[in-house]
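Below: one structure, written as structure tokens.
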Amino acid sequence: MPKSQVRKKKVYTPPTDVRPTAAQAAKKPSPIWLPITAVGLIFAGIAWLVVYYLSETAYPVESWGYWNLAVGFGSMVASLILLSRWR
């Protein structure tokens with residue numbers, strides 16, 4: 001049986017007319033307050049929920065009832081939104 005021929009692959013050359021946009025070059029690293037605030041919101045949300053459950057719904061704000069859960073989880077969601085902006 002004859003041997004198959006080895007095909008040489010062409011070397012990829014990127015097109016010269018396409019250049020990166022100025023918006024990509026203008027992106028700067030995130031400010032230092034962004035990850036600090038995000039981590040703080042995560043811990044605040046967890047602490048809010050832990051206090052709510054351990055106090056048997058008496059604290060942090062008894063009149064809010066189950067809205068305390070929304071505050072705790074809302075702060076953690078807000079931290080995720082902040083972390084999505086982190087570069």
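Below, all heavy atoms of this structure are taken into account, side chains as well, without hydrogens, waters or symmetry copies.
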CZ of F73 to CD1 of I46: how many Å apart, nearest 0.5 Å? 9.5 Å

Check whether any side-chain heavy atom of R87 sits under 4.5 Å from a side-chain heavy atom of P29, and report yes or no. no

Does I42 belong to the same Ile/Leu/Val/Met/Phe/Trp/Tyr cluster as Y53, with side-chain heavy atoms less than 4.5 Å apart forming each link? yes

Inter-residue atom distance W64.CH2 - Y52.OH, 0.5 Å rounding: 12.0 Å

ILVMFWY cluster, V61 and L69 together (side-chain gap under 4.5 Å): no

Quick one: CG on L41 to CD1 on I36, what's the gap to the nearest 0.5 Å? 12.5 Å

Should L54 and L49 be counted in the same cluster of Ile, Leu, Val, Met, Phe, Trp and Tyr side chains packed under 4.5 Å apart? yes

Over all atoms of both residues, closest heavy-atom pair of G45 and M76: CA-CG, 4.2 Å

What are the two closest non-hydrogen atoms of A44 and S75, and how far apart are they? C-OG, 4.3 Å

Quick check: is W33 connected to L83 through a chain of hydrophobic side chains (ILVMFWY, heavy atoms under 4.5 Å apart)? yes

Nearest 0.5 Å, please: how far is CZ in R85 from CG in L80? 13.0 Å

Would you say the side chain of N68 lies within less than 4.5 Å of the side chain of T57, judging by non-hydrogen atoms? no

If hydrophobic clusters are built from ILVMFWY residues whose side chains come within less than 4.5 Å, do W48 and W67 share one? yes

